Amino acid sequence: MDLTFSPADEAFRLTARKWLADNVPADRAPYEGQASRDFALAWLARCNEGGWAGIAWPEAYGGRGLPPERLVIWYEEYVRSRAPSVLDCTFVALNHAGPTLIACGNEEQKAFHLPRILSGNSVWCQGFSEPGSGSDLASLSTTAVIDGDELVVNGQKIWTSYADIADYQELLVRTEKGSKRHQGLSWVICDMKAPGITVRPIRNMAGVSHFAEVFYDDVRIPLTNVVGALNDGWRVAMTTLGFERKTAAIGLQLELSVRVEDLILLAQAQPGSAMAERLAELRAETAALRAMTYRTLFRQPATTFDGSLVRLRFAELSQAIHQIAMDILGPDGLVDSHWTHDYLEAYSETIAGGTAEIQRNIIAERILGLPRE
Amino acid sequence: MDLTFSPADEAFRLTARKWLADNVPADRAPYEGQASRDFALAWLARCNEGGWAGIAWPEAYGGRGLPPERLVIWYEEYVRSRAPSVLDCTFVALNHAGPTLIACGNEEQKAFHLPRILSGNSVWCQGFSEPGSGSDLASLSTTAVIDGDELVVNGQKIWTSYADIADYQELLVRTEKGSKRHQGLSWVICDMKAPGITVRPIRNMAGVSHFAEVFYDDVRIPLTNVVGALNDGWRVAMTTLGFERKTAAIGLQLELSVRVEDLILLAQAQPGSAMAERLAELRAETAALRAMTYRTLFRQPATTFDGSLVRLRFAELSQAIHQIAMDILGPDGLVDSHWTHDYLEAYSETIAGGTAEIQRNIIAERILGLPRE
Amino acid sequence: MACDLNQNDEQRQILDAATALLEESFPVSRSLGDDQERIDKLAEFGAFALALDDDLGGTGFTLVEEVLLHVRFGRHIVPAGALAAPVAARIAAELGDNDLAREIATGQIAVSAGILAGDRLRTLDDTKAKLALVFDRRRLELVEIANADGETATGLGQGAELTEFPFVATTRIGASNSASILNVADLLVSAQLLGIAEAARDLAVSYAGMRRQFGKPIGAFQAIKHHCANMAISAEMLSAQLDMAAIAQRDSRDDAAFQTAAARLLAPRVALANARLCIQVHGGIGFSAEADAHRFLKQAHLLRQLGGGAAMLDLASPMAPHR
Amino acid sequence: MACDLNQNDEQRQILDAATALLEESFPVSRSLGDDQERIDKLAEFGAFALALDDDLGGTGFTLVEEVLLHVRFGRHIVPAGALAAPVAARIAAELGDNDLAREIATGQIAVSAGILAGDRLRTLDDTKAKLALVFDRRRLELVEIANADGETATGLGQGAELTEFPFVATTRIGASNSASILNVADLLVSAQLLGIAEAARDLAVSYAGMRRQFGKPIGAFQAIKHHCANMAISAEMLSAQLDMAAIAQRDSRDDAAFQTAAARLLAPRVALANARLCIQVHGGIGFSAEADAHRFLKQAHLLRQLGGGAAMLDLASPMAPHR
């Protein structure tokens with residue numbers, strides 16, 4: 001049981017720290033729209049020039065194939081340098097669509113898309129959730145019918161982040177008529193500029209429109225855009241679960257440590273005060289979240305549901321941290337600031353990607369082996 | 001909307017206060033066994049002599065039939081004088097068995113039992129729960145078969161408080177063979193000295209044996225001991241729900257206020273400290289519990305499930321208060337004291353009489369109207 | 001007069017009338033701003049004068065009815081100015097300026113609710129008010145802002161419209177730290193927070209009964225059920241305590257300060273907790289600006305800045321043991 | 001040496017061997033008292049010397065293995081003396097008394113864990129120990145109690161056997177406030193608390209899968225499921241942090257004090273929370289003394305009195321932002 005970084009690792013850390021100090025933009029990222037796209041792509045392009053894009057991707061596909069300890073070092077330095085949040089409009093491409101293509105895409109798909117992603121030239125969004133199937137993903141009903149060498153898609157997706165500024169979408173559709181649940185789905189690359197697509201941005205409670213409803217009205221997608229086999233979309237969609245441990249979510253989890261340090265400085269709480277006690281507990285919990293993150297990364301073999309515990313802990317801790325931020329800010333919390341913004345955004349943490357309730361079910365049933373309902 | 005006490009009420013308050021000051025025993029009640037019985041019956045007898053036993057019972061049955069505002073005054077003064085906890089071995093008789101007999105018993109039953117209860121000459125226990133039906137009371141399976149003018153009872157009850165020192169038991173048995181759920185049950189008076197009864201005391205986690213398993217091996221009970229109609233036991237058992245608002249549980253709820261005041265003195269917390277903040281919150285919540293208690297009592301019409309909210313709030317608040325007591329005591333909490341004892345006993349609050357989980361279901365389904373599972 | 005916690009006929013009538021007005025004029029999902037016209041309707045209704053002395057426009061109701069009315073206001077997210085007005089009228093009267101009190105109570109002069117942030121006064125509603133009632137810990141100050149240069153700003157993720165004034169640029173009218181006025185302010189704030197908590201509960205219960213996932217209403221799942229039950233328990237707790245406190249203050253009982261402090265301490269916790277659970281029960285739509293769940297959360301954040309801060313542990317409890 | 005959080009073969013072997021011994025000698029449901037013979041078996045096993053220097057009887061293992069061992073101890077509610085011994089041996093060595101250190105490490109001299117209550121020393125186990133290790137905030141003191149007149153008392157509702165000594169009647173041997181020994185003590189306490197949290201989780205899950213109500217296992221109901229999930233999350237959180245801290249302390253990393261303080265702060269909260277949920281999941285039987293649930297709760301109360309108290313906010317975080 002070790003957490004030992006070699007001299008080479010330490011040198012890598014200093015290189016990363018230096019590069020970040022020289023390159024991290026001084027401005028905060030815009031929250032939405034074209035400005036947020038421009039900012040995120042410019043930052044990704046700069047990272048790519050420095051050799052810091054796709055660090056977890058295999059070298060064969062333009063990445064650096066870094067081992068977990070280097071990922072940890074990179075993201076530690078990343079958040080400590082206050083680099084832009086990893087959860088921007090490049091997140092899906094870098095951490096979900098890209099890895100899925102690497103695992104299941106054909107050579108044409110990979111050759112076309114992967115370089116565009118890494119170089120900061122395309123934005124991807126995810127088209128999984130539907131109005132009637134939020135927590136219950138397998139009940140999705142957007143259909144695709146084969147017509148010649150094309151699929152014709154009709155239906156609706158919702159909660160699609162960055163749909164308004166995305167170039168491509170990883171789209172999960174029902175390609176087998178009458179199929180049930182996980183069967184008969186396909187994972188396809190959808191060009192967001194295709195005729196028949198309508199994007200209706202939805203403003204979230206933080207006042208920002210970065211997700212949207214997407215409507216598909218006879219949208220034609222070439223069959224060559226199917227990733228993996230037709231009707232095998234569920235397996236393709238699940239494929240990245242193994243990769244997920246290695247994604248930029250590490251950076252998201254580590255970022256909370258920096259938040260807590262900032263709050264401790266901001267609060268200047270009297271020793272022994274109620275606020276000091278709450279901050280001490282949050283600091284300990286955030287340290288533990290980091291430890292959980294590393295355990296998920298450095299312990300083998302990983303099980304499919306390993307990430308559920310850390311994911312849920314992250315979500316609830318993030319909310320707790322931002323709630324205390326509002327308590328510390330008092331009247332200043334009412335005025336829009338990054339704290340207030342992040343506080344409001346944090347409400348999505350226990351909802352998006354499976355509600356906290358669903359996550360607890362998964363933990364109870366899949367990890368602890370309790371009977372299904 | 002009023003909470004106004006008349007001059008006569010205030011005079012009643014002073015009378016009660018004076019009587020309590022003169023009569024409340026200096027010693028704490030013993031926790032278990034014959035000593036606890038002797039203590040409780042002596043105290044009840046003394047209350048009865050003073051005219052303070054069965055104050056909510058109708059005058060026709062030896063009570064005082066006091067209106068709710070007088071009950072409130074009595075219990076306020078009762079707990080402020082540090083009188084023995086109302087939750088002793090006389091509780092079932094005074095607050096459950098007695099009122100049930102008054103509502104559903106025949107004249108012989110009433111004439112025999114009610115005076116014995118009020119004068120402190122009999123202890124009752126409750127025989128409802130069974131090993132296989134804790135939360136699911138309607139699934140109980142202890143049977144009673146009619147043989148001549150007697151019922152022959154076989155089966156087992158559990159969590160019967162004070163079974164080891166009780167004279168009588170309110171026993172719920174299945175008198176109709178093959179009946180399901182709430183049908184075919186009967187409510188009978190069981191003499192705890194009848195042959196065939198075996199009581200096995202169960203030590204609880206506070207180290208005290210005040211509940212027990214009771215085994216029935218061909219126990220013969222005269223049919224005249226059936227209260228209400230045969231096979232109508234569920235309705236008889238539910239009959240006291242309406243009375244329950246007026247029981248000594250008021251005293252139990254108010255007692256928490258005194259606990260919190262004691263803790264505030266004990267803690268001597270620095271203003272602004274974490275402990276001071278926790279105590280302030282508990283004090284406010286305890287004030288609110290008192291308000292909820294009065295609302296349940298003084299608002300008409302009462303609904304059947306009115307008490308669920310206050311019952312659950314009481315249970316969880318009681319646990320929170322006693323947990324903080326342990327934090328305040330620190331090393332002294334390890335040594336047996338009434339605080340530590342009550343802390344451990346409080347674990348039963350969210351279990352006995354329907355777990356917190358069941359109570360929440362009831363609140364959601366019966367009060368809020370959410371669909372059944 | 002005895003112990004009776006039912007609402008009487010008169011109380012029900014005024015509340016029913018208010019609810020009708022609120023449902024028409026203050027739909028929860030209305031967009032921000034332009035509330036002055038609506039506020040004027042409340043003034044016409046007599047909402048701000050409800051419990052004042054007759055010569056100030058009072059209509060014979062008491063603080064208890066006023067508190068119940070503000071619970072309704074909370075359910076409809078009525079701007080905080082509606083809470084500032086009746087408190088400001090009381091302060092004007094205390095200062096001996098009955099004319100001003102009447103003008104405020106009848107809505108001829110509008111009042112904003114404000115808080116201090118450093119050397120700036122921040123009002124929490126965008127009514128074009130002439131006056132602001134400044135909540136400054138255990139002190140309330142009435143100032144004129146009509147001639148001060150205000151800068152508007154949005155807050156809480158486009159969920160609030162604030163106006164900031166250099167505090168020195170305002171004209172001081174007078175201040176109060178009288179216990180009874182502070183208690184009234186705390187009761188009205190608590191009442192509105194209770195309204196939020198109740199409305200959040202009702203919205204969540206209604207959604208849980210309707211929204212289906214996995215083939216049944218989500219309200220059939222225990223996790224959702226228990227969230228709703230928790231909301232109900234919290235709201236009931238606060239509601240009972242608020243009644244207790246309002247009656248104590250109306251009747252000048254010894255425990256009025258204690259009961260009020262308890263209600264005011266619990267109110268923001270209950271409102272925020274229920275608003276949070278309401279968002280969670282709604283899932284994705286709850287996080288969007290399209291459902292109303294977030295509006296309750298934001299209004300709770302605004303209101304909790306107003307007043308409070310009584311030293312709960314320094315007040316004598318009516319249930320302290322004898323000796 | 002790299003980043004690898006798996007247990008290696010050697011670690012698994014020693015833990016398996018310890019578990020076999022614990023299952024035989026320390027069944028959770030054993031009655032109180034008479035633990036000295038069992039404790040001797042642990043000493044024979046080498047448990048107290050595990051991570052000491054070779055010349056003190058160490059067997060080449062490190063603090064990390066010792067911490068993992070104490071997690072197992074926690075699962076079996078091994079008396080606190082088993083935690084006092086290895087810490088006391090380190091203090092003896094620090095005082096330069098290697099003979100004493102060896103005698104403690106090999107179990108020839110037994111050590112109780114003690115705390116101060118006013119002018120009295122209270123030991124938390126009824127081993128007939130010659131010495132006591134006194135946990136006095138950020139200071140540890142080794143005293144001889146063999147000749148002091150102890151009075152036994154039960155505690156925690158017949159859940160603990162305590163002995164009280166007038167502190168002046170004990171013979172002082174020496175004290176330590178060295179950071180590394182304090183960290184070791186905090187880590188071993190945290191480890192035992194984690195063991196409690198894990199065992200409570202496992203016991204609850206096992207019962208929930210078995211106990212039937214309303215025609216199905218109670219573990220099929222979401223409320224019970226979510227209780228169990230919460231226990232799993234808490235235990236995992238503490239477990240990860242404890243590994244992190246043990247490695248940091250073993251490797252003398254800069255963040256050892258920070259990581260240890262974090263683990264020690266979380267440990268009693270997690271252990272108490274899981275023990276409470278375990279009782280609740282068990283229902284009536286959980287409240288009785290017949291199930292083991294309450295034993296975990298009581299041991300958590302005992303252990304949380306030992307050590308701790310590092311000023312979490314005064315320690316530098318390894319994740320502080322640059323600049």
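So that the names make sense, note that chain A is the first sequence line, chain B the second, and so on, each numbered from 1. Not measured: the values here are computed from a predicted model.
B:Val79 touches chain C through its side chain: at least one heavy atom from C-beta onward sits under 4.5 Å away, while N, CA, C and O do not. Using a 4.5 Å cut-off between heavy atoms, B:Ile264 contacts chain C through its side chain alone, with no backbone atom that close. Of the atoms belonging to B:Ala356, not a single heavy atom falls under 4.5 Å from chain C.
For the set C:Leu313, C:Ile233, C:Leu266, the count of heavy-atom pairs under 4.5 angstrom toward chain B peaks at C:Leu313. When the candidates C:Met312, C:His226, C:Arg201, C:Met237 are compared by the number of heavy-atom contacts under 4.5 Å with chain B, C:His226 comes out ahead. Residue with the most contacts toward chain B among C:Ser206, C:Cys228, C:Gly209, C:Ala208: C:Cys228 (heavy-atom pairs, distance under 4.5 Å). Between chain C and the options B:Ala280, B:Gly369, B:Pro271, heavy-atom pairs under 4.5 Å are most frequent for B:Ala280. Taking C:Gln259, C:His322, C:Arg264, C:Met244 one by one and counting their heavy-atom pairs under 4.5 Å with chain B, the maximum is reached by C:His322. Counting heavy-atom pairs closer than 4.5 Å to chain C, the top residue among B:Arg82, B:Glu76, B:Glu69, B:Glu281 is B:Glu281.
Ring geometry for B:Trp74 against B:Trp52 counts as parallel: the plane angle stays under 30°, on a 0 to 90° scale with 60° as the upper cut.
The residue from C:Asp54, C:Leu52, C:Leu50 that alone fulfils the side-chain contact (heavy atoms from CB on, under 4.5 Å) condition with C:Thr59 is C:Leu50.
B:Asp342 has a carboxylate O that lies under 4.0 Å from a charged side-chain N of B:Arg259, or vice versa, which qualifies the two as a salt bridge.
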